[in-house]
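Encoded as structure tokens, the structure appears first; notes follow it.
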Amino acid sequence: MSLLARFSPLTAPILQRLLGPGQPDSQVLQPAETVAVRPPACLDGMLDRVTGTDEHSTIAYHVQVARETVVTHAPVLRHVWRSALVRRAGFATWRKHERYGKGFGLSDIVRPVAQVPVLRYCHSWVSWRYFGHWLTDSIPTALIEPEVGALWMPHDPAWAHCPAYLEALALPALPDRSVLADQLVTYQDFGQGSHKVARYNRIRDQLQARYGSPGETAVYLRRGRTGAPRWIANEDALIEALLARNWQVIDIANTSVETMQRALCPARIVVSIDGSHLDHAHLSLRPGSRMVVLVPQDRFTLRQVGLSRAHDVAPGFVVLKGSVETGYHADLDEILRTVDLTEAAA
């Protein structure tokens with residue numbers, strides 16, 4: 001491969017505009033699938049509390065998720081590109097430039113690079129930006145063709161739990177520096193169909209074998225002030241009440257992967273406010289478990305529902321009143337009644 005490929009971030013925007021993006025060699029690994037689903041459990045009136053959602057979606061979409069009984073999962077696709085420069089901020093071929101944030105800088109182009117014949121790109125804009133997507137997108141994508149080429153799934157250095165997962169799941173990811181690849185293999189793998197479910201099951205089985213134990217527990221994951229602001233104003237009182245009912249409380253900010261997964265692997269029910277930290281539980285909860293998500297009324301998203309279904313976990317949600325400025329209020333009675341509803345649904 002010519003080292004001129006390292007200058008593709010400069011040429012790709014121009015050639016892509018003039019000639020269109022280059023077309024990769026593509027293969028369908030899993031066609032689209034349509035399946036019947038059960039709506040997540042919630043108390044009457046919860047959807048009436050919703051006032052807003054995040055910057056990536058609409059309220060109507062998430063209300064649909066709360067009510068749908070049929071879902072179509074997107075296909076899993078494999079693409080092969082020729083001569084690519086790869087960085088955590090994206091990749092570039094001569095006519096294709098996928099970039100995240102500011103993309104490539106001049107230093108990425110001129111600094112020394114590693115060269116590999118084949119690179120599996122288990123990465124995307126969402127896994128570049130969000131820790132939860134790194135856990136439940138990049139990790140399962142890395143299992144599509146583990147025998148093919150070198151593995152590319154870099155993570156934000158601030159995500160302290162990532163190295164432990166790479167070690168626990170035996171994923172030999174390349175270090176985060178510029179790479180030139182003769183062939184770059186990328187995937188469309190955002191759906192939750194049977195192809196991905198089989199890989200989720202392998203991840204769960206590995207974590208259960210390493211950290212699992214007999215019995216069933218109830219776990220509350222405390223997000224606290226980690227990540228984007230999403231704090232529960234009366235969380236101390238909520239935790240005190242749950243501890244009195246023999247729940248286990250895990251503080252995400254100060255807990256290792258081993259300690260966290262030793263608590264989550266035997267969990268029958270997990271409750272927490274919405275966020276990427278819940279993906280720790282998605283990796284390892286046993287089939288038939290339950291997850292109740294506390295969703296802020298002004299940031300109403302139900303991403304956790306699809307993940308729960310894919311893991312054969314019964315989902316439920318409680319919409320919390322409040323705001324990002326004043327905090328949110330969690331009602332213990334509403335939470336426990338929703339837990340009961342998920343039990344019945346499971």
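Quick caveat, the model's predicted, so the values are computed rather than measured. Heavy atoms only: backbone and side chains are in, while hydrogens, waters and symmetry mates are out.
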Practice prompt. Apply the test salt bridge (charged side-chain N to carboxylate O under 4.0 Å, His left out) to residues R286 and D205: give CA-CA distance (whole Å), side-chain angles for both, the deciding distance (0.1 Å), then the verdict.
Written response: CA-CA 9 Å; R286 295 177 296 200; D205 291 348; over 6 Å; no

Worksheet entry | Pair R223-D251, salt bridge (charged side-chain N to carboxylate O under 4.0 Å, His left out): steps then yes or no | CA-CA 7 Å; R223 176 184 174 93; D251 190 331; over 6 Å; no

Verify whether one side chain among [X] and [Y] offers a donor that lies under 3.5 Å from an acceptor in the other.
| X | Y | result |
| --- | --- | --- |
| E33 | H195 | no |
| S284 | Q261 | yes |
| T34 | T72 | yes |
| H133 | S138 | no |
| Y165 | H280 | yes |

Report yes or no: does [X] contribute a side-chain atom to a donor-acceptor pair with the main-chain N or O of [Y] at less than 3.5 Å?
| X | Y | answer |
| --- | --- | --- |
| N234 | A330 | yes |
| R120 | T186 | no |
| S308 | P315 | no |
| W134 | P154 | yes |
| R290 | G288 | yes |

Fill in: Smallest separation among heavy atoms of P117 and D182, with atom names
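Closest approach of P117 to D182, heavy atoms only: O-CB, 3.1 Å.
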
Discussion item. To check you understand the geometry: which heavy-atom pair defines the closest contact between R67 and P39, and what is its length?
Written reply: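 Smallest heavy-atom distance, with atoms named: O-CG, 3.8 Å.
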
Please find out if less than 6.0 Å separates the ring center of [X] from that of [Y].
| X | Y | value |
| --- | --- | --- |
| H56 | W125 | yes |
| F317 | H62 | no |
| H123 | F91 | no |

Item to complete: Verify side chain to side chain contact (heavy atoms under 4.5 Å, CB included) between L307 and D279, making sure each step is shown before the conclusion.
Response: CA-CA 9 Å; L307 287 167; D279 289 61; 3.8 Å; yes

Worksheet item: Do R87 and W128 meet the cation-pi criteria used here (NZ or CZ under 6.0 Å from the six-membered ring centre, within 45° of the axis)?
Response: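 Verdict for W128: no cation-pi partner in R87.
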
Is [X] salt-bridged to [Y], going by a charged N under 4.0 Å from an acidic O?
| X | Y | answer |
| --- | --- | --- |
| D274 | R303 | no |
| E145 | R78 | yes |
| D312 | R204 | no |
| E55 | R129 | yes |
| E343 | R337 | no |
| D298 | R49 | no |
| K321 | E334 | no |

State, yes or no, whether a side-chain contact exists between [X] and [Y] at a heavy-atom distance under 4.5 Å.
| X | Y | value |
| --- | --- | --- |
| L143 | L171 | yes |
| D156 | R88 | yes |
| L320 | V295 | no |
| Q192 | Y200 | yes |
| L332 | L242 | yes |
| V313 | P287 | no |
| M291 | L278 | yes |
| Q304 | P40 | no |

Fill in: Verdict with reasoning, W231 to E235, per side chain to side chain contact (heavy atoms under 4.5 Å, CB included)
CA-CA 8 Å; W231 61 286; E235 189 169 43; over 6 Å; no

Worksheet item: Does E240 CD have over 12 foreign heavy atoms under 6.0 Å away?
Response: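 No, because the 6.0 Å sphere around CD of E240 holds 12 heavy atoms or fewer from other groups.
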
Fill in: hydrophobic_cluster_shared for L264 and L135, side chain cutoff 4.5 Å
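No.
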
Discussion item. Using the rule that Ile, Leu, Val, Met, Phe, Trp and Tyr join whenever any side-chain heavy atoms are under 4.5 Å apart, tell me whether I273 and V271 fall into a single cluster.
Written reply: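 As far as the 4.5 Å side-chain criterion goes, V271 and I273 are connected within one cluster.
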
Fill in: Spatial distance of atom OG1 (T259) from atom OH (Y211) [nearest 0.5 Å]
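Nearest 0.5 Å value for the OG1-OH distance: 9.5 Å.
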
